[in-house]
Amino acid sequence: MAYGARITRERMSGTDIIVYGILLAALALVFLTYGKIVFDIVMKGIGFVDWGYLTEDPRMSGRAGGVFPIIVSTLWVLSIAVVVAVPISLAIAIFVTEYLSPFSTLSRIFRLSMLILASVPSIAFGLFGATFFAQYLGFGTSILTGGLTLAIMVIPICAFAFEEVFRLLPTGYRNGAFALGARKARFIFFILIPASATDIITVVLLGTGRALAETAALLFTSGYSDRMPESIFDPGRVLSIHIYDLSMGIPGGDRMASASAILLIGLFLIISSVGIFFSRKAKT
């Protein structure tokens, strides 16, 4: 492949070389920008990240102590969001791809609705969650309310992505299964989902990353409490809100905010690594 790539570059015209250079420069700019951001965060906060920071409770409004209750709240909120959003997103995508014509009116309405919902500002989802889950359903400001709010945010993104994954499945899979007399449900559970397992895991990671970094939607739903939650009906502060509060509302909290940001990045890397591991297992 390396030899083929070298030959391709040698045959590029002057215009191709210019475009290639612009794209390469854009890629380098993105890497340098993100590298600078991560470097600054690490330099400011790495000195505070130790075992005590991971296992102790916050003190002095987060300027001292650790973030253990906040880690627990974050994992609970994230777990609720993923557990609720992924099955619903899969069900929506399977219904649209396998039971509706891609050119039907209902299918077009679905795609338009998912695009609109995916572009709604997260603060609007937060207000909806505070009104519907917290007040109407009576869950109050709690981890459950925050998780369900994140779930409805992630559903449009995951459902739209799942639909694209299922539509990319070669038609030979469907034709072969139905030619052998397989019913629709059997095709879905034994061919469609296993054949798309790697891409499904990728979409789940995308949704997880979206939920993990969310702040605005949780301001009105999960709460600010930095105490250890005893159940999902207790309020809980997630890492993104903790970072926001330390950097914007607590004097002298910048360095601890950087330490929490390091932890948030590390948590996402761990989740991504686990997802990649199972993705590779699914290929084999």
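No experiment lies behind these values; they were computed from the predicted model shown.
Across every non-hydrogen atom of Ala211 and Leu78, the tightest pair is CB-CD1, 3.8 Å. Pairing each heavy atom of Pro156 with each of Leu117, the nearest pair is CG-CB, 3.5 Å. Considering all non-hydrogen atoms of both residues, Val96 and Ser107 come closest at CG1-OG, 3.8 Å. Of all heavy-atom pairs between Ala177 and Phe187, the closest is CB-CD1, 3.7 Å. Shown here for Thr221 and Gly146, the closest heavy-atom pair between the two residues is OG1-CA, 3.6 Å. The shortest non-hydrogen separation linking Thr74 to Arg237 is OG1-O, 4.4 Å.
Between Leu239 and the options Val77, Leu263, Thr215, a side chain to side chain contact (heavy atoms under 4.5 Å, CB included) holds for only Leu263.
Judged by distance alone, with hydrogens and angles left aside, the side-chain atoms of Ser196 form no donor-acceptor pair with the main-chain N or O of Asp199 at under 3.5 Å. Although no hydrogens or angles enter the test, the distance criterion places no donor-acceptor pair under 3.5 Å between the side chain of Tyr244 and the main chain of Ala216.
Taking the six-membered ring for Trp and thresholds of 30 and 60 degrees, Phe139 and Phe133 have nearly parallel ring planes, at less than 30 degrees apart.
Put simply, the side chain of Ser222 reaches to within 4.5 Å of the side chain of Ile241, judged on heavy atoms.
By the salt bridge (charged side-chain N to carboxylate O under 4.0 Å, His left out) test, Asp40 pairs with Lys36, sequence neighbours left out. Residues forming a salt bridge (charged side-chain N to carboxylate O under 4.0 Å, His left out) with Arg210 (at least two apart in sequence, or on another chain): Glu214.
To the nearest 0.5 Å, atoms CD1 (Ile94) and CZ (Phe162) are separated by 9.0 Å.
Between Glu98 and Arg167 there is no salt bridge, since no side-chain nitrogen of the basic residue lies less than 4.0 Å from a carboxylate oxygen of the acidic one.
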Return all side-chain donor-acceptor pairs below 3.5 angstrom for residues 269-276, not counting sequence neighbours, or 'none' if the list is empty.
{"from": "Ser272", "atom 1": "OG", "to": "Phe268", "atom 2": "O", "distance (Å)": "2.9"}
{"from": "Ser273", "atom 1": "OG", "to": "Leu269", "atom 2": "O", "distance (Å)": "2.8"}

